[in-house]
There are 2 protein chains.
Amino acid sequence: MRIGELAQVSGTTTKTLRFYEEAGLLPAPERTAGGYRDYAPEALARLDFIRRSRTAGLTLAQIRQVLDIRDAGVAPCQHVQDLLEARLGDLDRQIADLQALRHTVARLRDDAATVDPTSCDATTVCRYL
Amino acid sequence: MRIGELAQVSGTTTKTLRFYEEAGLLPAPERTAGGYRDYAPEALARLDFIRRSRTAGLTLAQIRQVLDIRDAGVAPCQHVQDLLEARLGDLDRQIADLQALRHTVARLRDDAATVDPTSCDATTVCRYL
DNA sequence: CTTGACCTTCCCCTGTACTGGAAGGTCCAT
DNA sequence: ATGGACCTTCCAGTACAGGGGAAGGTCAAG
């Protein structure tokens, strides 16, 4: 399978496939006599795994770790569980941060609706913030 | 006031002050005979405004817009209200996205806790994802 | 034999908000 | 006059996940 075909069936681009290879996520495929990349069908499953992992918000570095474990012949189950747990903690923190920021911004907006604009002063730029 | 002093009283760094000048957030200050930047005291209020705006999650580009309006002699009140409203919409979207992702990841983790690891298969890499 | 689609490597660019460091100039005290 | 603290400009890099485009090679069809 050539790179364009793999890109199409996996729903990505040739640029991304070369980038993944460079980043160590995809093994370097065989080459045809003309120098073209010639992918084995298994590459598609691997790309699906990468896509699913990305959907879960894992970074390419984390995905590479999982793949490295698998490629070393070990089942990465425990590592994946740890990653998911850590990711959940990150998400909770991010959500909490954004909610706190939301409160701040909502309060600024509410103040802006009630405060007299003439009390703005040029040196302070804007008293709404 | 020299750049180091302004950096200290405003709680930032000289690097950042030069960067803000370059980015059009701070007007280029007077220079001393020796070529040193010589800030007027008003610079501090402007930096406070920038800091408050950053706390509200505004980008430097948005802050610059507000400052440009103010520097054109117009009170930026309406623009700031619009910005805050838009920011609130962005935050709501971001929070909703992260919460959806949290659900996805939580479900993956829960599945990982119950599914038999021996059903993993090397080509799929990991059935938890 | 040529055209066009596809492929190759290579290097730079995107956006965000800075940060690090080199080479050199200024100022004040000793 | 010399040391050290401070300042100047300029260049390059950080993290993230690719994207853009140039210059050139390959392959099947007409």
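So that the names make sense, note that chain A is the first sequence line, chain B the second, and so on, each numbered from 1.
- Remark: Tyr20(A), Gly34(A), Tyr36(A) in residues 20-43 of chain A come within less than 4.0 Å of DNA chain D through at least one heavy atom.
- Annotation for Leu108(A) and Ala56(B): closest pair CD1-CB, 3.8 Å, computed over non-hydrogen atoms.
- Heavy-atom distances to DNA chain C give each of Gly4(A) and Arg2(B) a nearest nucleotide, and the one nearer the 5′ end belongs to Gly4(A).
- From the 5' end on, the contacts that DNA chain C makes with chain B at under 4.0 Å to a non-hydrogen atom open and close at dA17(C) to dC27(C).
- Not a single donor-acceptor pair under 3.5 Å links the side chain of Asp38(A) to the backbone N or O of Arg31(A).
- Side-chain contact check for Phe49(B) versus Ile63(B): some heavy-atom pair is nearer than 4.5 Å.
- Note on residues 13-29 of chain B: pairs passing side-chain hydrogen bond (donor to acceptor under 3.5 Å, both in side chains), not counting sequence neighbours, are Thr13(B)-Thr16(B), Glu21(B)-Arg37(B).
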Is there a side-chain contact (heavy atoms from CB on, under 4.5 Å) between Tyr39(B) and Leu44(B) once you walk through the steps?
CA-CA 9 Å; Tyr39(B) 290 95; Leu44(B) 183 55; over 6 Å; no
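- Taking a cutoff of 4.0 Å between a charged side-chain nitrogen and a carboxylate oxygen, Asp48(B) and Arg51(B) qualify as a salt bridge.
- Counting heavy atoms from C-beta on, the side chains of Val9(B) and Met1(B) come closer than 4.5 Å.
- With sequence neighbours left out, Asp90(A) forms a salt bridge (Lys or Arg N to Asp or Glu O under 4.0 Å) with Arg93(A).
- Over its length, the helix from dC1(C)-dG30(D) to dT30(C)-dA1(D) turns its helix axis by 40°, as judged from the five terminal pairs at each end, rounded to 10°.
- Between the side chain of Arg46(A) and the backbone N or O of Leu26(A), no donor-acceptor pair lies under 3.5 Å.
- Only Thr13(A), Lys15(A), Thr16(A), Phe19(A), listed by number, bring a heavy atom of residues 11-19 of chain A to less than 4.0 angstrom from any atom of DNA chain D.
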